[in-house]
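Please read all numbers here as calculations on a predicted model, not as lab measurements. First the proteins, then the strands, lettered A, B, ... as listed; each starts at 1.
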Amino acid sequence: MEDSQLIEAYFSNELDGEELTSFENRLKADLRFAQEVENYQLIIEEIKHEAEEKAMKVKLSEWDQELDDEPSKRMPLVRFAPWKVAAVFVPFLVIAGLTYYVINGQTTRDHIELYSSYFKPYEDVLSTRSGGTRSGETRSGETRSGSAENMAKAMNSYNEGNYQQAISLFEIISVEEKDKETATAALLYAGIAYMAVDSLVQAVDRLQHVKAQEYPLFKEVADWYLLLVYLKTNQIDDFNHQLSVILSQTEHLYFEEATRLNNQWDRDK
Amino acid sequence: MKNRQQDSFEEVVREICAENEGYVKQLYKQHRSRFMSWFMKQYRLNQQEVLEVYHQAFLVFYFQVKNQKLTTLASTIETYLFGIGKKLMLKDQSKERSLVDLSEVDVSLVDNQTVEKEELLHKRARVREILKKVPEPCKSILTLYYFSEFSLESIAVRLGYKNSGTVKKKKSLCLKQIRAQLVKKPE
């Protein structure tokens, strides 16, 4: 085996037993070889660092967008004696408050109804026709079948509507699964399952994590479901921000749905 | 006895190393406004230019903490970020602000640098420069394999290769090419 192949196998944890011992002994004894190993190590470390940096830059830009979308709230100072202000405005405030209560009550019901009309758990795109899943694509032969089995169990629970069970299984997979794509898929389905059981704080957390990963399909699905969460919780600013994220991309998976939702939302306001 | 600032920085180290994104986001947002105001006034830069500097400064800080190169801080985080920003402005007269240079930003934190450490820093910087120019599909193959930890089979499916054997050969070739550039003597 060429040195380069040997070194690559070492960094891919493919050497064991005698091969590994022999490699490590050579590393100590052969300076030129050690230098080569160091070169490869540096290259691999910097590949990881560059990718991580790129991912962080995307996040920083997203956070900038969030900051830039936050409305500044500056109220002018009113230099009146408080009791004079109260005398003039209290009756108005009472009426306005009651009206707001009635309208807001109505709005609250409307946005929940709108949410209910749009929310459907995302379809199972992972299960193969043979009944297995397309997960378990990790490099470790040992975990491959275990990983696929866990994912199949989780998707089964999800498909049957046993969302609490599905959540438990997806959460484990999202943490333990070495294959990042599978882990991200598990996080996405966990997020949607949390929505199904009305645990919206957890749903937002999981969906935002999915959005931060580099998988376009999952990102776009997360975009849509986050939009629905913000609709249900009446977080108008977040809802509008999320809506603009989807509507700014005509090729977005949920562009049409978001357009319909937006039209309906505008009509009902 | 540890003071509050040290306690607080221990929390920062802990949360960044634990990859607590919400915490890092809060940290980023907390320091952005003052950094940008100061640098825009001081260096007469526009918002976009200062934002780039802030991004670079924050990333240097973040990776120094994450890679455990920065474990204690005598100053506040704000002061530290400002310090990085000022060094960036001093080092770089042109619009390009390369993170290659930033590996030297933490020079004040490193005591008794040996010649070997200097050489390693320099080599690391060279690798970064080489990686910036790595073309596709090498860039995708290497990123998917080493960063995303995809299996060779998954990469073959993702990138449309015949099988994992093809990807393995391609990956080896890509690494060899990078390594060859690294050991090439400068002209």
Side-chain angles (χ1 to χ4, degrees), chain A residues 2-5 7-9 11-12 14 35-36 38-57 59-64 66-68 70 134-141 143-144 147 177-184 204-205 208-209 211-215, chain B residues 21-22 24-29 32-33 36 47 51-52 54-56 58-59 62-63 66-67 99 120 123-132 134 138-139 141-158 164 168 171-176 178-183:
Chain A
E2 269 184 37
D3 276 356
S4 59
Q5 289 172 319
I7 295 169
E8 276 185 63
F11 283 115
S12 296
E14 287 168 8
Q35 190 64 68
E36 268 305 285
E38 185 187 86
N39 288 341
Y40 272 88
Q41 185 173 2
L42 267 179
I43 291 168
I44 291 167
E45 278 173 6
E46 287 305 320
I47 287 168
K48 290 181 190 173
H49 178 79
E50 193 190 51
E52 196 180 355
E53 199 180 277
K54 195 175 158 194
M56 268 307 287
K57 279 183 182 169
K59 280 185 203 172
L60 297 190
S61 296
E62 284 180 2
W63 297 344
D64 285 327
E66 282 177 26
L67 271 171
D68 294 341
E70 277 168 24
R134 285 196 288 274
S135 66
E137 295 168 333
T138 62
R139 298 204 283 278
S140 164
T143 60
R144 190 170 306 179
S147 166
E177 175 58 58
K178 284 181 187 161
D179 180 79
K180 276 203 172 143
E181 191 172 12
T182 306
T184 306
V204 167
D205 179 76
Q208 283 180 342
H209 268 91
K211 271 201 66 168
Q213 304 305 313
E214 294 283 323
Y215 303 104
Chain B
E21 191 181 307
V24 177
K25 179 163 62 166
Q26 190 53 38
L27 210 57
Y28 175 82
K29 287 184 173 184
R32 193 186 87 151
S33 172
M36 289 191 61
Q47 198 173 28
L51 197 55
E52 262 182 58
Y54 183 60
H55 277 195
Q56 298 259 336
F58 190 85
L59 286 173
Y62 172 79
F63 284 113
K66 191 154 184 252
N67 298 330
L99 270 175
L120 190 61
K123 206 188 247 188
R124 202 176 276 280
R126 283 196 58 213
V127 170
R128 288 186 189 178
E129 278 304 297
I130 293 166
L131 286 179
K132 280 182 188 168
V134 166
C138 283
K139 184 65 76 86
I141 291 172
L142 295 173
T143 303
L144 286 171
Y145 190 80
Y146 289 110
F147 176 67
S148 306
E149 295 186 351
F150 270 40
S151 62
L152 293 171
E153 292 85 356
S154 300
I155 296 172
V157 168
R158 173 66 76 90
S164 61
K168 190 171 185 177
K171 176 173 82 72
S172 292
L173 191 60
C174 293
L175 280 173
K176 268 190 192 163
I178 294 169
R179 178 249 168 219
Q181 286 192 61
L182 180 61
V183 301

Which region of [X], side chain (C-beta onward) or backbone (N, CA, C, O), has a non-hydrogen atom less than 4.5 Å from a non-hydrogen atom of chain B, or is it both or neither?
X: A:Asp64; value: both
X: A:Phe11; value: neither
X: A:Lys54; value: neither
X: A:Glu46; value: both

Within this structure, what is the [atom1]-[atom2] distance for the pair [X] and [Y], rounded to the nearest 0.5 Å?
X: A:His49; Y: B:Lys66; atom1: NE2; atom2: NZ; value: 9.5 Å
X: B:Glu21; Y: A:Gln208; atom1: CD; atom2: CD; value: 8.0 Å
X: A:Leu60; Y: B:Gln56; atom1: CG; atom2: CD; value: 10.5 Å
X: B:Cys174; Y: A:Ile43; atom1: SG; atom2: CD1; value: 11.5 Å
X: B:Leu51; Y: A:Ser61; atom1: CG; atom2: OG; value: 7.5 Å
X: A:Glu52; Y: B:Leu59; atom1: CD; atom2: CG; value: 10.0 Å

- request: Applying salt bridge (charged side-chain N to carboxylate O under 4.0 Å, His left out), run through B:Lys168 and A:Glu8 and close with a yes or a no.
  value: CA-CA 10 Å; B:Lys168 190 171 185 177; A:Glu8 276 185 63; over 6 Å; no
Between [X] and chain A, with a heavy-atom cut-off of 4.5 Å, which part of the residue counts as in contact: side chain, backbone, both or neither?
X: B:Val24; result: both
X: B:Ile130; result: neither
X: B:Tyr54; result: neither
X: B:Arg32; result: side chain

- request: Tell me, please, which residues at least two apart from B:Arg158 pass salt bridge (Lys or Arg N to Asp or Glu O under 4.0 Å).
  value: A:Glu181
task: Not counting sequence neighbours, which residues clear salt bridge (Lys or Arg N to Asp or Glu O under 4.0 Å) with A:Lys48? List them please.
output: none
- prompt: Is there a side-chain contact between B:Phe63 and A:Met56, using heavy atoms and a 4.5 Å cut-off?
  reply: yes
- prompt: Do you know which two heavy atoms are closest between A:Lys178 and B:Glu149, and how far apart they sit?
  reply: O-OE1, 3.9 Å
field: Closest non-hydrogen atom pair, A:Leu42 against B:Lys123
entry: CD1-CD, 3.3 Å
query: Highest number of heavy-atom pairs under 4.5 Å with chain A: which of B:Leu175, B:Thr143, B:Val134?
result: B:Leu175
Most contacts with chain B, counted as non-hydrogen pairs under 4.5 angstrom, among A:Gln5, A:Glu214, A:Glu45: A:Glu45
- prompt: In terms of heavy-atom pairs under 4.5 Å, which option from A:Glu36, A:Gln35, A:Glu62 contacts chain B the most?
  reply: A:Glu36
message: Would you call the rings of A:Tyr215 and B:Phe150 parallel, tilted or perpendicular, taking 30° and 60° as the class edges?
response: parallel
message: One thing to verify: whether A:Glu2 and B:Lys176 come together as a salt bridge, which I'm taking to mean a side-chain N less than 4.0 angstrom from a carboxylate O.
response: yes
